[in-house]
Amino acid sequence: MALRFFNTYSRELEEFEPRDPAARRIGIYTCGPTVYSRAHIGNFRAYIFEDLLQRHLELRGYKVHRVMNITDVDDKTIRGAREAKVPLAKFTAQFKEAFFEDVEILRIKRANEFPAATDHRYIDRMIQMIAMLISRGLAYQADDKSVYFRINEFPNYGKLAHFDLAQLQSTGRVKHDEYDKEHIGDFALWKAWDEEDGDVKWDSPWGPGRPGWHIECSAMATRLLGNQIDIHCGGVDNIFPHHEAEIAQSEGVTGKKFVRYWLHCAHLLVDGQKMAKSLGNFYSVPDILAKGYTGRELRYALMRVHYRVPLNFTWEGMNEARESLGRIDEWLERLQKMVGTPRRGVRSAQRADPAIQFEEALDDDLNISAALGFLFESIRETNRAMDENKLDAASASAWLDWWKRINTVLDLETEIEVVVPAEVAELAEERENARREKNWKRSDQLRDRISAFGWEVRDTKDGPKLTRHGAASSG
RNA sequence: GGCGGGGUAGCCAAGUGGUAAGGUCGCGGUCUGCAAAACCGCUAUUCGCGGGUUCGAUUCCCGCCCCCGCCUCCA
């Protein structure tokens with residue numbers, strides 16, 4: 001099956017054809033965080049979706065160059081810095097750092113570049129683009145000294161969101177105090193400095209000020225990825241006005257179609273509601289870790305639902321994620337053991353037939369739910385074969401190779417070597433002795449003591465096996 | 001009001017014009033000293049509601065209801 005994605009622009013599933021099919025190199029631009037506070041798990045749902053996208057494209061042989069911007073200057077960052085009484089750069093640095101910590105915890109592949117809005121290279125580029133837009137009549141400086149994009153001069157404005165410009169005038173939420181603008185929908189390219197901005201300002205042909213939010217992405221995207229990019233992603237809430245504005249600015253400057261495929265991810269809900277601090281359902285990655293869950297468990301929980309479907313985050317869902325991952329872990333361990341110590345008496349070697357359906361499901365607009373369905377079906381089938389002693393080492397090895405391949409996309413394997421504390425190991429040994437003497441009472445007491453250390457002992461054919469209990473498990 | 005996304009078992013969630021993947025939870029069984037893990041079985045005559053098309057619709061069409069999002073700087 002050909003690779004296809006749902007393009008927000010056409011609202012249709014489209015076969016993916018990169019700009020340069022021969023080179024198999026593709027450029028992806030993803031809207032990153034605004035570093036005014038710690039990012040929440042809803043933000044990370046989007047980043048995990050983008051991670052899945054990148055990894056699957058790479059599995060399919062594409063060489064992906066991905067850019068994710070960091071917005072480190074806007075109203076909120078300026079306000080935050082002012083309230084904290086620290087320079088803007090210092091204020092945002094802590095959240096940049098936190099962002100990268102969380103990215104690591106969630107095993108999100110780092111973008112090739114993380115341009116920051118305050119980097120002078122991009123400020124220069126933004127100024128250059130704004131000047132060009134003015135010279136083409138697509139932008140103007142208003143009486144308030146700010147520069148605005150003239151949406152009436154860009155006929156395609158509204159095409160991505162499927163908005164009718166006339167409609168914009170009738171919404172109640174538009175601020176009517178912005179009388180300086182020609183059209184209520186005109187958006188700021190350059191915001192003139194005012195007192196509240198303090199020392200946050202850059203010189204420009206239109207006086208001191210700072211860039212508008214939208215122009216930053218156009219500048220970075222076109223500078224780092226060229227005039228046309230293959231895929232541009234973000235959350236659905238970015239469709240309007242942000243991405244609409246990006247199209248207007250970029251195409252207004254380059255005259256070329258800016259983005260071939262627009263992919264947008266649905267929101268994360270918490271307990272069926274939008275995340276909000278006032279509702280007490282607002283979580284960051286450390287909040288989840290504090291509840292005893294691991295990064296990979298959260299990764300799984302955020303990844304397992306198709307990106308265009310709203311995902312409802314619940315603690316029950318986190319437990320499901322943990323159990324499902326445990327199932328994968330057990331399966332892998334069993335296969336590894338089979339490869340390591342081939343048993344005699346294995347009869348007909350069941351031909352390992354690692355399912356291509358997994359990858360084909362992902363080809364279909366990243367249908368991760370279907371892909372995981374195939375994974376778990378495969379797990380049950382191979383487990384059954386192993387139970388019946390019908391899987392040989394070669395087949396087990398083939399399944400492991402398959403896992404290794406799909407895990408380049410999932411990245412869900414436990415990574416931390418489990419180290420059993422000496423005291424737990426001792427107790428386990430004592431318990432084995434008791435069991436050999438058929439002293440079941442003592443054996444069960446020892447199991448309880450082991451349990452008190454947070455470990456669980458299981459008696460297998462190959463002897464006792466120690467695993468960490470639920471929340472405390474590593475990796 | 002406009003534009004989107006969604007409504008499938010207790011919960012999460014695929015999917016198809018021909019009679020419902022998978023995960024999780026629960027129950028029963030095999031295995032086990034007992035457990036655990038694994039496996040087997042059971043758990044939606046039914047896919048928000050009402051019409052229509054069809055031999056047949058959860059899937060297509062029409063109408064309606066509910067939830068969520070966007071409508072100027074929230075992923």
Side-chain angles (χ1 to χ4, degrees), chain A residues 8 11 30-34 39-50 71 74-76 151 158 161-164 166-168 170-175 178 181 184-188 191 212-214 216 233-242 244-245 264-269 272-275 300-301 304-306 308-314 316-317 319-327 329-331 333-334 357 361 367-381 383-388 435 438-441 443-444 447 456-461 464-465 467:
Chain A
T8 307
R11 310 276 157 137
T30 53
C31 287
T34 299
H40 55 71
I41 57 174
N43 299 116
F44 284 105
R45 191 223 176 159
Y47 306 145
I48 284 177
F49 141 65
E50 289 153 3
T71 300
D74 78 324
D75 292 351
K76 280 179 287 199
I151 61 169
H162 294 209
F163 278 176
D164 179 0
Q167 215 69 51
L168 292 180
S170 64
T171 73
R173 283 181 56 177
V174 173
K175 288 180 212 136
E178 296 190 39
K181 298 193 287 186
I184 202 78
D186 288 353
F187 55 89
K191 301 184 105 168
W213 177 43
H214 312 305
E216 135 188 5
C233 316
V236 285
D237 51 339
N238 273 160
I239 295 171
F240 191 89
H242 186 54
E244 200 72 67
H264 291 97
C265 150
H267 272 206
L268 177 84
L269 300 174
Q273 290 179 292
K274 188 173 179 175
M275 241 190 315
Y300 183 87
R304 61 186 230 217
V305 176
H306 183 82
R308 281 194 289 118
V309 176
L311 165 58
N312 191 19
F313 177 88
T314 61
E316 195 181 349
N319 288 333
E320 282 180 26
R322 167 172 295 164
E323 294 304 320
S324 304
L325 287 170
R327 195 167 160 74
D329 293 344
E330 295 284 347
W331 176 66
E333 206 171 310
R334 236 181 134 179
Q357 289 104 307
N367 190 342
I368 186 71
S369 304
L372 290 171
F374 289 122
L375 169 62
F376 284 106
E377 268 178 51
S378 303
I379 288 177
R380 194 186 39 205
E381 280 162 23
N383 273 333
R384 184 165 51 215
M386 284 188 276
D387 278 358
E388 293 169 356
R435 291 186 71 235
K438 300 209 187 298
N439 186 346
W440 308 126
K441 198 177 168 196
S443 158
D444 288 347
R447 180 158 58 197
E456 181 181 63
V457 61
R458 281 197 251 150
D459 303 316
T460 73
K461 269 183 258 180
K465 187 179 166 235
T467 48

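Here is how names work: the chains are called A, B, and so on, in the same order as the sequence lines, proteins then strands, and each is numbered from 1.
Out of A13(B), C74(B), G69(B), the shortest distance to the side chain of Val236(A) is found at G69(B). Relative to the side chain of Phe240(A), the nucleotides A38(B), A14(B), C71(B) differ in distance, and C71(B) lies closest. You'll find that the side chain of Arg458(A) is closest to A36(B), out of C74(B), A36(B), C71(B). Among the nucleotides A37(B), C40(B), C74(B), the one closest to the side chain of Arg384(A) is C40(B).
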Task: Summary of protein contacts for nucleotides 26-32 of chain B, nucleotide by nucleotide, where a base hit scores B, a sugar-phosphate-only hit scores S (4.0 Å, heavy atoms) - done: -------
Task: Nucleic acid footprint by protein, nucleotides 3-11 of chain B - heavy-atom cut-off 4.0 Å, B for base, S for sugar-phosphate alone - done: SSS----BB
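Counting only Watson-Crick and G-U wobble pairs whose two key distances fall under 3.5 Å, RNA chain B forms stems of three or more stacked pairs at B:1-7 with B:65-71, B:10-12 with B:22-24, B:26-30 with B:38-42, B:48-52 with B:60-64.
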Task: Pair Arg384(A)-Asp387(A), salt bridge (Lys or Arg N to Asp or Glu O under 4.0 Å): steps then yes or no - done: CA-CA 5 Å; Arg384(A) 184 165 51 215; Asp387(A) 278 358; over 6 Å; no
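Look at CD on Glu323(A): it is 14 Å from C1' on A38(B), rounded to the nearest Å. Spacing between atom CZ of Phe376(A) and atom P of C39(B) amounts to 11 Å, rounded to whole angstrom units. Rounded to an integer number of Å, the gap from Met386(A) CE to A38(B) P is 11 Å. When rounded to the nearest whole Å, the span between CD of Glu381(A) and C1' of G22(B) equals 12 Å. The interatomic distance linking Glu377(A) (CD) with C39(B) (C1') rounds to 16 Å, in whole Å. When rounded to the nearest whole Å, the span between NE2 of His242(A) and C1' of C71(B) equals 16 Å. Ile379(A) places its CD1 atom 12 Å from the C1' atom of A38(B), with the value rounded to the nearest Å. Between the CG atom of Leu269(A) and the C1' atom of G69(B) there is a distance of 9 Å, rounded to whole Å.
Side-chain contact between Pro33(A) and Tyr47(A): present, with at least one pair of heavy atoms (C-beta onward) separated by less than 4.5 Å. Inter-residue side-chain proximity for Gln357(A) and Glu377(A) is flagged as unmet; no heavy-atom pair is nearer than 4.5 Å. Residues Leu325(A) and Arg322(A) are not in side-chain contact: their nearest non-hydrogen atoms beyond the backbone lie 4.5 Å or more apart.
Looking at heavy-atom distances under 4.0 Å, Ser324(A) makes contact with sugar-phosphate atoms alone, never a base. Among the protein residues, Lys76(A) comes within range of the sugar-phosphate backbone only, with heavy atoms under 4.0 Å from sugar or phosphate atoms but none that close to a base. Looking at heavy-atom distances under 4.0 Å, His214(A) makes no contact with the nucleic acid at all. Residue-level contact check: Arg447(A) touches the bases, meaning some heavy atom is under 4.0 Å from a base atom. Here Leu268(A) lies in heavy-atom contact (under 4.0 Å) with a base. Residue contacts shown for Gly234(A) are limited to sugar-phosphate atoms, with no base heavy atom under 4.0 Å away.
A gap of 24 Å separates the P atoms of A37(B) and A44(B), to the nearest Å. With both ends at atom P, the span from G5(B) to C60(B) equals 13 Å, rounded to whole Å. Here the separation of U32(B) from C42(B), taken at their P atoms, is 24 Å to the nearest Å. Taking atom C1' on both C27(B) and U43(B), the two are 8 Å apart, rounded to the nearest angstrom. Here, U30(B) and G22(B) have their C1' atoms 23 Å apart, quoted to the whole Å. Comparing the P positions of A9(B) and A21(B) gives an interatomic distance of 14 Å, to the nearest angstrom. G48(B) and C11(B): their P atoms are spaced 14 Å apart (whole Å). Between C49(B) and G10(B), the distance separating the two P atoms is 14 Å to the nearest Å.
Across all non-hydrogen atoms, the minimal contact from Ala39(A) to Phe44(A) is CB-CE1, 3.5 Å. Nearest heavy atoms, Ile151(A) versus Asp186(A): N-OD1, 3.0 Å. Of all heavy-atom pairs spanning Arg304(A) and Ala301(A), the tightest one is CG-O, 3.7 Å. The two residues Cys265(A) and Arg45(A) make their nearest non-hydrogen contact at SG-CD, 3.9 Å. Of all the heavy atoms in Asn367(A) and His306(A), the pair that sits closest is CA-ND1, 3.9 Å. Closest heavy-atom contact between Ser378(A) and Trp331(A): O-NE1, 4.5 Å.
A donor and an acceptor atom never sit less than 3.5 Å apart when one is taken from the side chain of Arg380(A) and the other from the base of A38(B). For a distance-only test at 3.5 Å, the side chain of Asp444(A) qualifies as a donor-acceptor partner of the base of G33(B). Side-chain atoms of Ser443(A) and base atoms of G33(B) include a donor and an acceptor less than 3.5 Å apart.
Comparing Ala46(A) and Val457(A), the nucleotide of RNA chain B nearest to each residue sits closer to the 5' end for Val457(A).
Contacts of Asp459(A) classified as salt bridge (charged side-chain N to carboxylate O under 4.0 Å, His left out), with partners at least two apart in sequence or in another chain: Arg431(A), Arg435(A). With sequence neighbours excluded, no residue forms a ring-ring contact (aromatic ring centres under 6.0 Å, His included) with Tyr300(A). Residues meeting the ring-ring contact (aromatic ring centres under 6.0 Å, His included) test with Trp213(A), sequence neighbours left out: His242(A).
Not one side-chain nitrogen or oxygen of Asn367(A) sits closer than 4.0 Å to the OP1 or OP2 atom of A14(B). Considering only side-chain N and O atoms, Arg334(A) lies nowhere under 4.0 angstrom from the phosphate OP1 or OP2 of A37(B).
Stacking between Trp440(A) and the base of G33(B) is present: ring centres sit under 5.5 Å apart and the planes differ by under 30 degrees.
Of the possible polar contacts, one joining the Glu244(A) side chain to the Ala161(A) backbone as a donor-acceptor pair under 3.5 Å is found.
Atom OG1 of Thr467(A) and atom CD of Glu333(A) lie 8.5 Å apart (nearest 0.5 Å).
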